[in-house]
Structures are given as structure tokens and as C-alpha cells.
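Some notes on the structure that comes next.
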Amino acid sequence: MKLISRYTMMLLALLVLLTTVAPVASATGTTGDSSSKKLVLGTSADFAPYEFHKVIDGKDQIVGFDIAIAKEIAADLGAELVIEDMGFDGLLPALQSGRVDMVISGMTPTDERKKSIDFSDTYYKSKQVIMIRNTDKDKYPTMAELENEKIGVQKGSIQETIGQGIPGAKLTALDKISDIVLQLQTNRVNAAIVEDTVAAGYLDDIIGLAPAIPDEEQVEAAIGIRKGNTELLTAVNGTLERLKSENKIEQMVKEASQLNADKLDKNQNIFEVFWQYKSFYATGVGYTLLLSALGVIFGVIIGLIICLFRLHDVAILRWIGTAYVEVIRGTPMLVQLMIIYYGVSLTFGINFSALQAGIMTLSINSGAYLAEIFRAGVQGVDRGQLEAARSLGMGRTAAMRFIVLPQAFKAVLPAIGNEFVTIIKESSIISVIGMVDIMYQASVVKNITYQGMNPFLIAAAIYFVLTFILSKLLGRLERKLSASDRR
Ligand code: ARG
């Protein structure tokens, strides 16, 4: 009885912990109270001068003329603007599922997209261009030369569609424009399809424009609104009309382009990069630790339950336990994350924040591995131990608790430690849904600095330090527990 109430207390404490953590989630997510009106903007901030990251006063901020427009809309509505940064191809599902209220991301109102969302009036026009390395300047006079060529495009963009229309082209579709430029610089692709306004920010002595120009040259940008949300649509069009009549949009484009032009020193060494962006990494460490710690705690709970199931006398419970372990272990964590984050939301309308989805995925996933570790531990203890305890008059539960489990725990401690280290590293996968962990911040720093190596070396160093400290601590615990063996 006492034991049970202790576990209940522990569970309660966990619940309290989770609810106090939830507000942190809303800082990055969309959940929150309705006391002040919020307007949640979905954007893919890799598209300067439309939307991009910029360090201002030592703080990472999302700026650009799309953001300036969003601020005007929010002001007209008397709402607070909340920005959700995500991959371009995640924007439509985010809007449809209600995770965001509107999408401003240089998005072209295509017929295909109009099937699933509504669009405002257009607010900007640009042209498609082909970016190449300056050394290839004369290689691509017309689109015909791009046939069978290696071409970089942004995933989910209309440029991807254009690329698909080029006969024999080998497309590399990536999340971020900066990654595509990196691919071009490192000879992995030989051309990239982008919009002229965006290309302007990348042109330098290495990257230039080809004379070739795609057929569908004109591109427009409009604001995406969820179907049926006519109230917001009308408001958005109202604001756009006002901005156009005040000639504000051109001015915003100019200001954003200037902001993007004053680039930073590209030759910073790794220590300078670390020092300048230390606050980014610090935030990342906080979220990585939070994710991993809660992932471990819930993972252990799930693992214990599943282990009990697997060792149970009732066949159906054993079967459930086995099925859980096999299914979770047999599918990639990235797929599990997508199902929990997008699948559950689109199918059942339950929107988990990135933090909630991340913790669930990590604990569900590690629960399967931990269950196996626990089972190995229990089964590894000689049956004679249990029999001896029972013959001394101990009950089954007491024998388990005082004789078998302590030995089992000691035996599997190294394996558990391994799993904890794995969780810290694997938590980096959660960054793909916009969880601001170490990995995510490293990509942000990469996008800001245009450096491909240093931001990730720093991330690697940080992960290493974290896991190294953890394994040292676990090693110490192991020695302490094994002290009794040597006596
Ligand atoms: N205009 C293009 C499209 O709608 C590309 C937009 C990309 N936007 C971005 N924020 N990366 O597909």
C-alpha cells in the first residue's frame, strides 16, 4: 500500500512538472490562452528578403517584408503576432490543421494550392531565374542546356514543379534555400531555380545568374488563409489594399533587402562563431535537456509497464507487450514523430506543440528499448535467487522488490546508460518540426552565417560534452553500486 501511494505521488509530481512545462511549449507553439488575441503566422524564414533570420541586438529575429506585412495585419486586427518558422512544405498542412492562422512566405497562389487553402490578393511579383556558379556563366544560354542537369530546388515550391518539367533533370529538393546555395557552391548541383528577388541576396564572386530563364517566368506572392475563414481573408485584403495605396510594400521590400545586404563577416573562425551565437546554443541546450529528461522519465515508466506486460502470466498482456516492442523498434523515430505531430493533428484535430510531440515520440520510442533492457535484467537474475527468497518466507512481490530487481538493475545499468545517451543524441530529430534544440539552433546559425562547417562542429562538441558528462555520472553510479560486490 505504501509503495503504491509513493508511485502515485511520483506520477502526480510528474503531471505538475508537465503542466508547468506547457507554458514553455506555448512560447514556441500555438497553444495558449485567449486573453489577448493572437494571430499565428506560418512562414519558412529562409527566403530573404521576404523572411529571414537576422541577429539584431544580439538576438535572433525573423525579419523581412513578409513579416512587416504580417505586423501591419496584426496591428489592424489589434492582435499579437506570433511567428512559427517551419519548412516551406510544412506550411499548407500547418494552415489546414489550424496550427497557424495564415501563411505569408512568398507563396504563389497556384491552382493546385487553391484546392486546399484560400489566397488573398497578390502583394508582390517577381521572376524566376537560374542561379549557377560564375565559372559556368556561358554554359546555360537557354533552358534546353539544363536538360539532364543536376538542379537544386526548394521542396514543395513551384520551382520544384518547374524542375520536374525539365526533361531528364536530376532534382535535389531541399527544405532551405541556403542549403541549395551550399549545394551549388560545393558542386553537388550545377544550377538552382529561384526567384530573382531572393537570388539577389546570394550573388557574389562565386554565384551568378545564367542567361537561361524558365518559361513560367512570372511569380506572384499572396497570403494563404484557411478555407472558410472569410473574416480573416477580408481583413488581410483590407490591410494589403491600404499598404498598396500608401506605396508601403515597395518601401518594405527595399528596407528588407538592405537589411539582408549588410552581411556579416563570412570568415569568422569557430570560436568567434560560438561566441557570437552562444545565446542561440544556450537556448538549444535548454530544450535538448528538457526534451531528453522528460523523454527519459516517461520512457522509463513506459518501459517498466511494457516489461511487466512481457513477463506477465496473462497471454494477451504478453502479446501486447511484444507487439509494442516490435512495432516501435521496427519503425524509424522520424516516421513516429511525423505521425504524432502531423498525423494525429490532421486526422483527429489534436494539435500537440512541438515540445509535447517531441517528448511523446522520445518516450514512446525509448520505452520499447528500455522494456527490453529491463526484461533482460529480470530474466538474467538466476531463478535460484527468487526461489531462495521465497523459501525464506518472502512473498512474491517482496522477493521481486528486494532480491531480484536490485540485482537486475545493477546488471543492466550500463545498457540503461547507453539508452539515455542515445536519447540525448536522437532528440536532435525533433528539430525537424521546429523544436528549438541544439540541432535546430545550429541550422539557424548556419543560415545566418552561411557557414557550413563551424555551426555543426559546435553542435557536435556540445552534444559530446553533454553525453560525456552523463556517461561519467552513470559510471560513477555503477561503481558505487558494485562496491558491495567487492566487499
Ligand atoms: N514562390 C514560390 C512558391 O510559392 C517559392 C516560395 C518559397 N518561400 C519560402 N519562404 N521559402 O512555391
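Every number for a ligand or one of its atoms is a count from 1 in the order of the listing.
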Practice prompt. Could you tell me whether the side chains of Tyr341 and Arg99 share a donor-acceptor contact shorter than 3.5 Å?
Written response: yes

Discussion item. Does Gln164, at its CD atom, have more than 12 non-hydrogen atoms belonging to other residues, nucleotides or ligands within less than 6.0 Å?
Written reply: yes

Worksheet item: Quick one: nearest non-hydrogen protein atom to atom 2 (C) of ligand 1, plus distance?
Response: Glu195 OE2, 3.0 Å

Worksheet item: With a 3.5 Å cut-off and no angle check, do the side chains of Gln154 and Asp46 form a donor-acceptor pair?
Response: yes

Worksheet entry | Close side-chain approach of Glu51 and Ile83, heavy atoms under 4.5 Å | no

Discussion item. Testing the 3.5 Å rule here: is there a donor-acceptor pair between the side chains of Gln268 and Asn454?
Written reply: no

Discussion item. Heavy atoms only, cut-off 4.0 Å: how does Met86 contact ligand 1, side chain, backbone, both, or neither?
Written reply: neither

Discussion item. Does ligand 1 come near enough to Gly106 that some N or O of the ligand is less than 3.5 Å from an N or O of the residue?
Written reply: yes

Discussion item. What I want to know is whether Glu51 and ligand 1 share at least one N or O pair that is separated by under 3.5 angstrom.
Written reply: yes

Worksheet entry | Geometric class of the Tyr277/Phe280 ring pair [parallel <30°, tilted 30-60°, perpendicular >60°] | perpendicular

Practice prompt. Scan Ile364, Ile297, Leu294 and name whichever one has a side chain to side chain contact (heavy atoms under 4.5 Å, CB included) with Ile359.
Written response: Leu294

Response to the item:
Within the 4.0 Å heavy-atom cut-off, what Thr110 brings close to ligand 1 is neither

Worksheet item: Would you say Ile158 and ligand 1 have an N/O pair spaced under 3.5 Å apart?
Response: yes

Worksheet item: Does ligand 1 have any atom that is closer than 4.0 Å to a heavy atom of Gln159?
Response: yes

Fill in: Phe65 vs Tyr124, ring pair (Phe, Tyr, Trp, His ring centres under 6.0 Å): CA-CA, chis, key distance, verdict
CA-CA 10 Å; Phe65 68 87; Tyr124 191 73; 5.0 Å; yes

Worksheet item: Starting from atom 10 (N) of ligand 1, which protein heavy atom do you reach first, and at what distance in Å?
Response: Ser105 OG, 2.8 Å

Worksheet entry | Nearest protein heavy atom with distance in Å, relative to atom 11 (N) of ligand 1 | Gln154 OE1, 2.8 Å

Practice prompt. Flag Ser157 as yes when one of its N or O atoms lies below 3.5 Å from any N or O atom of ligand 1, and as no otherwise.
Written response: no

Discussion item. Looking at ligand 1, is there an atom of it that comes within less than 4.0 Å of some heavy atom belonging to Phe88?
Written reply: yes

Worksheet item: What atoms of ligand 1 come closer than 4.0 angstrom to any heavy atom of Asp46?
Response: 9 (C), 10 (N), 11 (N)

